[in-house]
Colleague: 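Structure in structure tokens, see below.
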Amino acid sequence: MLARLLVAVLGALLATACTVPPRDLDDEERRGRDDDEDPTDPTDPTDPTDPTDPVDPVDPGSVSPGGGCVADVDCAEDAAHAGLCVAGVCMQTASAACSEPGSSAECGAGLRCWELTDNAPICWPSCDAFACAGTCDTDGACVPSTTTAATCDQEAAFYCPETGSGGCPPNSHLDGESCYCDDGYVVNAAGTGCEPGASGGEGGCPPNSHLEGDGCYCNDGFQVNTAGTACEHACEGDGDCTGGLVCGADFTCQEPPCTEDSCGAGMLCSTSGRCVVDIGTPPVGTPPTCSDIPSITCTGGEANCGQLIAFNPRQGDGYWDYPLNGETEANQYRSFARRDMVALIKYASASVRCAAAGWTVGNGGRLGLGDMSEQTGAIPGTSIGEPGHPEGTHVDGHDMDIAYFQEGTADNTLRPICDHTNGSADAYHCVAEPDSLDVWRTALFIAKLHDSPQLRVIGVDGKVGPLVESAIDQLCTSGWVTGPACGAGLALAYEVTDGGAGWFAFHHHHLHVSILSQDDGYAGGSLVTRGKDACLSLVGCGRPALDVDPRRTLYRPLLTRVR
């Protein structure tokens, strides 16, 4: 509860803000009364509580607990509990130390006991018993707000923050139940206050980054630096780029805007100013309004959304989780994913089913789902002694293999969509242009995956990547796609040659989706890399040699030998 942690939120900085123990009815100096006056005598013309006294027509102790106040004398009291003004809200002293947090034994009716600081038990008004000038917290207690904290008198109130808001230290403010440094200030080394510095995002994130959940992510136009500790522009001007590249509007080095005649054979100049693969024109028609799409949102925080669940039902709106890689209908042990991953895939597949219902390209079937994780979070195959993916992938439900949408096939299960052999040897990647890829539906599906703020990366084969980029560009231009996928930079990773990131091989029969936890991001001094520069594995870019890579036996069709 924030208000009861006005001191504890950032430690010792506020520990001295309230060192005097609560005062009671015998504190004559605070109350401003003379010992020889009867404070309860309504006929005494010197009684400051006398409503008939023209000098002081207002009872200074008439504000009930929970009401707004400037000083202690504003707040009502009773025989056992003195009135206190705490950050602009009237409260009362407790008759003794709190027997337990939230106890009512030490307080009057409708109030409960918590300590503001050590040895300072205070009776906090309950919102169901009093009108609250501040705000009601999760315990149902009336606590100060930024507005009330700004109204109290530091000299006359039991507790009044000096310069911060809502009981936070100077140069900081209250946001939810936490204190954040104001613009131009950063958290000091001790974590107890805010000092001048270049503050970027919220909650102590590095400059040019922002807070998402409990993690820091680079703002648009910035990328993680080489050390993984900050966010920076890839370029500030054309002079920062080499090889004829220019600095684009998103502060990344890129090809100069194309012209009608500047793109080579097989390419075209898109409205975005980029040369893209000429894959023909997008499907015609008007994008439909889709109102029956399942929600992409997972609520309940990481405790709920990070829970591994079986992907059920097995067949749904636009998808099919069929048995593969040794699974059976009765035991699909490789099909467990995070709850938020399940929601994302259901959302994206249903979106494609609805939006592309009138398209004449492709087979129009459900999208096949491949390996996820085992129920324990282990790599699929671990329980039978044959983990089928490199270390750091397909663990804890973060990753999923998914088929490409296809044309010229009976369905969209995980199968090669191109020639992938050199002679009789399997190259484990496309060696020729894909000949069964439904590029438009695949691009639409990948674009919808970008609607999740937790998306880390989508990996595809090196022959597929340029086609999908071209298709998404054109789908955005024609109105089939809106949202993050039409912004600066896709989270689409692929390798035309083997660069060691893990995408070059084993993606000729599926795309790979990876998401972050809700609390991933800035941890241990490094920012998680997202987007086209991300590696297959979260533990690094290293991966096994082709001849021992566990993926070489996955997604192979069963054949009958003719004798």
Colleague: For the pair T409 and N363, evaluate side chain to side chain donor-acceptor pair (under 3.5 Å) and give the outcome as yes or no after the intermediate values.
Modeller: CA-CA 7 Å; T409 56; N363 61 48; 3.1 Å; yes

Colleague: Would you say the ring centroid of F506 lies under 6.0 angstrom from that of Y555?
Modeller: no

Colleague: With a 4.5 Å limit on heavy-atom distance, are the side chains of Y404 and L511 in contact?
Modeller: yes

Colleague: With sequence neighbours excluded, tell me which residues meet ring pair (Phe, Tyr, Trp, His ring centres under 6.0 Å) with H507.
Modeller: W503, H510

Colleague: Under the disulfide bond (SG atoms under 2.5 Å apart) definition, can you give me all pairs with a residue in residues 373-429, not counting sequence neighbours?
Modeller: C418-C430

Colleague: Does any part of the side chain of M400, heavy atoms only, come nearer than 4.5 Å to the side chain of I345, both counted from C-beta?
Modeller: yes

Colleague: Who pairs with S262 by side chain to side chain donor-acceptor pair (under 3.5 Å), at least two apart in sequence or on another chain?
Modeller: T259

Colleague: Return each pair, listed once, that meets salt bridge (Lys or Arg N to Asp or Glu O under 4.0 Å) where at least one residue sits in residues 237-247; pairs must be two or more places apart or across chains.
Modeller: none

Colleague: Run the disulfide bond (SG atoms under 2.5 Å apart) test on C241 and C235 for me, step by step, so that the C-alpha distance in whole Å, both residues' side-chain angles and the decisive distance to 0.1 Å come before the verdict.
Modeller: CA-CA 7 Å; C241 302; C235 61; 4.0 Å; no

Colleague: Do L308 and Q375 have side-chain heavy atoms sitting under 4.5 Å apart?
Modeller: no

Colleague: Please collect all salt bridge (Lys or Arg N to Asp or Glu O under 4.0 Å) contacts where either partner lies in residues 386-413, sequence neighbours excluded, each pair once.
Modeller: D411-R415

Colleague: For C486, which residues count as a side chain to side chain contact (heavy atoms under 4.5 Å, CB included) partner, sequence neighbours excluded?
Modeller: C476, V481

Colleague: For residues Y428 and R552, determine if any side-chain heavy atom of one lies less than 4.5 Å from a side-chain heavy atom of the other.
Modeller: yes

Colleague: Please walk me through it: do C263 and C269 pass disulfide bond (SG atoms under 2.5 Å apart)?
Modeller: CA-CA 6 Å; C263 297; C269 184; 4.8 Å; no

Colleague: Indicate yes or no: at least one non-hydrogen side-chain atom of L449 is less than 4.5 angstrom from one of I515.
Modeller: no

Colleague: Quick one: pull up OG in S335 and OH in Y322 and give me the separation to the nearest 0.5 Å.
Modeller: 10.0 Å

Colleague: What I want to find out is whether R338 reaches D340 closely enough, with some N-O distance under 4.0 Å, to be called a salt bridge.
Modeller: yes

Colleague: Output every pair passing ring-ring contact (aromatic ring centres under 6.0 Å, His included) with a member in residues 429-460, not counting sequence neighbours, ordered by first then second residue.
Modeller: H429-F504

Colleague: Is the closest side-chain donor-acceptor distance between S470 and Q474 under 3.5 Å?
Modeller: yes

Colleague: Output every pair passing side-chain hydrogen bond (donor to acceptor under 3.5 Å, both in side chains) with a member in residues 275-291, not counting sequence neighbours, ordered by first then second residue.
Modeller: none

Colleague: Go through it in stages, so that I can follow the logic: the residues are R339 and N304, the test is side chain to side chain donor-acceptor pair (under 3.5 Å), and I'd like the CA-CA distance, side-chain angles, deciding distance and then a yes or no.
Modeller: CA-CA 7 Å; R339 192 181 300 276; N304 180 56; 3.2 Å; yes

Colleague: With a 4.5 Å heavy-atom cut-off, do S452 and M341 have their side chains touching?
Modeller: no

Colleague: Please enumerate all residues that pass ring pair (Phe, Tyr, Trp, His ring centres under 6.0 Å) together with F336, with sequence neighbours excluded.
Modeller: none

Colleague: Sequence neighbours left out, what pairs pass ring-ring contact (aromatic ring centres under 6.0 Å, His included) with at least one residue falling in residues 348-385?
Modeller: W359-W480

Colleague: Atom CD1 in I417, atom CG in D461: separation rounded to 0.5 Å?
Modeller: 6.0 Å

Colleague: Do L536 and R543 have side chains that get closer than 4.5 Å, going by heavy atoms?
Modeller: no

Colleague: Describe, in one word, how the ring planes of H512 and H394 are oriented to each other, choosing from parallel (under 30°), tilted (30 to 60°) and perpendicular (over 60°).
Modeller: perpendicular

Colleague: Quick one: does NZ or CZ of K532 land under 6.0 Å from the six-membered ring centre of Y494, within 45 degrees of the ring axis?
Modeller: no

Colleague: Using the test salt bridge (Lys or Arg N to Asp or Glu O under 4.0 Å), find all partners of D317 that sit at least two apart in sequence or belong to another chain.
Modeller: R353

Colleague: Let me confirm one number: the NE2-CG distance from H508 to D419, rounded to the nearest 0.5 Å.
Modeller: 10.0 Å

Colleague: Looking at side-chain heavy atoms only, is the closest gap between V468 and L492 below 4.5 Å?
Modeller: yes

Colleague: Checking E433 now: which residues fulfil side chain to side chain donor-acceptor pair (under 3.5 Å) with it, not counting sequence neighbours?
Modeller: none

